[in-house]
J.: 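Okay, here's the structure, questions in a sec.
First listed ligand is number 1; within each ligand, the first listed atom is number 1. Predicted model, so just to flag it, every value in this text is computed and none were measured.
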Amino acid sequence: MKQELLDFLNTDLQFVKGVGPVLAARLNDVLGGRRVLDFMMHHPSGMRRRDLIDNIMDAAPGDIVTVPVLVQSVRAGRVFRGRRSPTQITCVDRAGNKIIVQFFNANFLDYWLQKLPVGQWRIISGKLERPSRGGNVINHPEFIEPMDAADKIPQVQAIYPAGEGLTQKTFANIRDQIFGALDTNVGLRGADDQTREFFDAMRAVHFPQDPMDLKPCADAMVKLAYYELLAHQSAIAITRRERADARHRRVVRPKKCDLMDRFYDLLPFDLTPAQMQTIDEIKHDMTRDIPMMRLVQGDVGSGKTIVAMAAAVLCAETGGQTVLLAPTDTLAQQHFFKLRPLCEKLGLVCECLTGRDKGAVRREKLISLRSGRTKLAVGTHALFSDDVIYRDLALVIVDEQHRFGVSQRTAMRAKGNNPDVLALSATPIPRTLSMTIYGDMDVSVIHQKPAGRKPIITTKLPMGRIGALIPRMMAQIDAGAKVFWVTPLVCDDTESDMTAAVARHEMLKKYFPTAGLVHGQMDKKQRDGVMETFARDDGDMSLLVATTVIEVGIDVPRATIMVIENAERFGLAALHQLRGRVGRGSAQSYCVLVHGDNVTPDGMKRLDVLCETDDGFVIAEQDLMMRGVGELLGTRQSGWIPYHFVDYREHRDLFKLAARAAADMTTPTEWTHDLMYMFDRATTIGA
Ligand code: ADP
Ligand code: MG
């Protein structure tokens with residue numbers, strides 16, 4: 001690919017017109033990156049027609065309508081007995097039907113009046129509602145334009161999976177700018193056929209004309225899915241070859257065994273046979289001259305952390321240093337607090353390094369790493385910053401879901417001398433997929449939980465009956481329990497996740513005054529603060545309302561109740577993950593799947609699967625059978641390889657096709673390198 005094009009793909013989104021640093025940071029949360037490329041990979045999940053109608057009676061409640069209206073009168077919102085009524089602007093359509101346009105944020109009255117001046121025609125577009133008291137209502141129309149600017153309202157609108165604080169207009173604007181620039185400034189004219197074809201497919205997906213254009217079987221989707229799989233399979237093929245390559249062989253380290261014995265003695269519990277076997281497998285890998293590349297798959301709560309610790313001890317025995325890479329500051333800290341006491345007893349220096357460390361504190365930690373004194377460094381990607389130097393980095397442990405693509409791998413390589421790699425994953429992958437997905441790694445499975453764990457009792461509950469939950473929760477909390485209450489991501493761009501979570505928090509605070517709240521629009525520091533308070537044993541926060549931002553792997557042993565609202569809107573894997581945040585101690589835990597009234601048969605079946613089984617592998621197989629792309633919330637959190645364009649169910653043939661093409665390749669072409677770069681696929685670890 002031309003450098004010019006690469007540079008363009010790498011441009012930070014904050015430099016796109018109308019974006020800026022604040023928006024770019026929000027986009028980063030949703031896209032998992034903040035470059036033009038990251039935006040392109042985030043394709044619309046659906047599209048919406050905004051058909052123009054003249055008579056509002058031709059539309060049904062819930063429809064998105066675009067309709068010319070004559071503005072007739074205004075009633076400003078008022079505060080009455082402590083309640084605020086909305087501002088109502090009465091309009092009529094061409095057929096003379098009354099339409100009430102409502103606004104809830106009273107502060108902008110002048111703004112709305114200016115947009116909808118009395119006595120004039122405007123064209124508006126929004127969601128039609130017909131409340132039970134009658135009439136046609138549109139709350140906060142997404143578009144209000146003068147009649148001669150009707151073309152500013154798109155007839156078909158691509159709908160992007162949005163996330164908090166981001167509107168569809170923002171997405172449409174960025175998309176238009178990006179593809180505009182691709183046409184004019186950057187120019188694909190000089191590009192080779194493959195490159196051009198690739199970006200044409202991208203364009204087709206970002207500007208859908210018909211809902212069929214976004215189905216997995218659409219030409220452009222198939223093309224992109226194939227390229228994505230080719231990128232992944234090429235990476236697997238390369239890694240395999242590299243590992244087998246003699247140049248990457250290493251001298252096997254001599255080791256002593258007394259530390260390991262002491263480690264076993266210190267454990268407050270007996271390891272499960274599955275944990276023991278995994279440790280044996282790791283031990284065996286470490287004695288080979290080929291660097292270890294092992295994935296430990298084990299359901300939430302199966303005890304992977306202690307296995308990771310064992311690996312670190314084995315490594316320390318040879319004098320080597322270990323880094324344990326966690327996806328977030330909170331999780332890094334949590335690991336650190338757990339592992340440090342154990343390290344101290346073993347005489348191993350353990351440090352935690354995250355983006356929070358600054359100045360002298362950070363410098364001291366860096367010195368200790370450089371001298372080789374620190375044997376276990378727990379932290380985030382900050383562990384791979386340029387100025388972090390290791391004396392003898394011999395083992396890299398990657399905890400759950402950490403993105404581990406080209407850039408991370410290169411950074412890691414630069415820090416050590418072919419270090420062993422151990423990845424931990426809490427998401428069981430269906431066995432049928434495991435080979436193609438983890439083709440470059442050896443896999444250990446921890447298929448049993450520590451003895452004495454009670455299965456989580458899971459039940460369904462219709463939304464209308466959540467009142468019955470309150471006394472149950474109160475009783476449990478009085479007995480010392482902690483409760484997670486998860487509110488869903490909201491698809492519809494007229495509402496936001498935050499509003500749902502905030503409203504629920506308000507309601508629950510009446511019963512549980514100390515209830516905490518976390519959502520994606522909160523400052524990260526603030527969010528981490530609340531999480532930590534909730535996780536603390538001595539704190540008085542016993543209930544935490546959260547959007548799906550609550551993190552995978554967060555360990556709150558006293559949490560025994562997990563309530564998931566609108567559970568039908570989550571995917572199976574995501575639900576299983578969320579549920580796994582309770583049931584970590586010896587007490588009986590409960591998961592309540594709260595669902596709406598109109599659940600599809602598929603949605604209900606998902607909930608039933610969850611009520612019936614606790615076995616992650618069974619759930620994964622079911623998930624593969626039932627999975628549809630795009631329709632489920634939280635697929636990002638499902639924990640399988642989060643492909644952008646690949647649909648596990650619909651594209652199964654492509655997996656084989658791509659694997660074959662990659663295996664046949666003796667050396668990767670420039671194009672496959674470009675693909676690996678674009679999809680950021682170096683290896684599959686946790687990514
Ligand atoms: P995960 O696999 O989800 O990362 P953790 O490693 O966090 O699970 O372990 C969950 C809990 O189980 C921790 O509190 C840990 O101390 C405990 N644990 C791990 N192994 C055992 C065991 N063999 N017996 C009893 N408790 C264990
Ligand atoms: Mg864990």
J.: N/O of Gly298 under 3.5 Å from N/O of ligand 1, yes or no?
T.: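 Between Gly298 and ligand 1, no N or O pair is found under 3.5 Å apart.
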J.: Specify side chain, backbone, both or neither for Arg453, according to which of its non-hydrogen atoms lie closer than 4.0 Å to ligand 1.
T.: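 Looking at Arg453 and ligand 1, just side chain atoms fall under 4.0 Å.
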J.: Is Lys605 atom NZ crowded by more than 12 heavy atoms from other residues, nucleotides or ligands, each under 6.0 Å away?
T.: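 Atom NZ in Lys605 is not crowded, with 12 or fewer foreign heavy atoms closer than 6.0 Å.
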J.: Picking from Glu364, Arg362, Arg370, what satisfies side-chain contact (heavy atoms from CB on, under 4.5 Å) with Leu366?
T.: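 Among Glu364, Arg362, Arg370, the one meeting side-chain contact (heavy atoms from CB on, under 4.5 Å) with Leu366 is Arg362.
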J.: Would you mind listing which atoms of ligand 1 come within a distance below 4.0 Å of any non-hydrogen atom of Asp270?
T.: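 So the answer, numbered in order with elements, is 22 (C), 23 (N), 24 (N).
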J.: Just which atoms of ligand 1 are under 4.0 Å from any heavy atom in Gly301?
T.: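 Answer for ligand 1: 1 (P), 2 (O), 3 (O), 8 (O).
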J.: I'd like to know if the side chain of Gln275 reaches the main chain of Ile446, judged simply by a donor and an acceptor atom lying under 3.5 Å from each other, with no hydrogens or angles considered.
T.: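 No; judged by distance alone, with no hydrogens or angles, the pair does not exist.
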J.: Do Asp442 and His284 have side-chain heavy atoms sitting under 4.5 Å apart?
T.: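 Result no, sub-4.5 Å side-chain heavy-atom pair not found.
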J.: Run the salt-bridge test on Asp614 and Arg453 with the 4.0 Å N-O cut-off and return the result as yes or no.
T.: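 Salt bridge absent between Asp614 and Arg453.
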J.: Near Thr305, which atoms of ligand 1 are under 4.0 Å from a heavy atom of that residue?
T.: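 Result: 4 (O), 5 (P), 6 (O), 7 (O).
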J.: Mind checking whether Ser302 has a heavy atom under 4.0 Å from ligand 1?
T.: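 Ser302 counts as a contact of ligand 1 under the 4.0 Å cut-off.
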J.: On a heavy-atom basis, I'd like to know which of His335, Arg581, Lys338 is closest to atom 15 (C) of ligand 1.
T.: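 Answer by nearest heavy atom: Lys338.
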J.: Between the side chains of Arg294 and Asp420, is the shortest nitrogen-to-carboxylate-oxygen separation below 4.0 Å, so that they form an ion pair?
T.: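 Salt bridge flag = no for Arg294 with Asp420.
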J.: For ligand 1, which atoms sit closer than 4.0 Å to a heavy atom of Thr272?
T.: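 Going through ligand 1 atom by atom, the ones under 4.0 Å from Thr272 are 23 (N).
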J.: Is there a side-chain contact between Met292 and Leu422, using heavy atoms and a 4.5 Å cut-off?
T.: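 The answer is yes; the side chains approach within 4.5 Å.
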J.: Between Phe269 and ligand 1, does any nitrogen or oxygen pair lie at a separation below 3.5 Å?
T.: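 No, no N or O pair falls under 3.5 Å.
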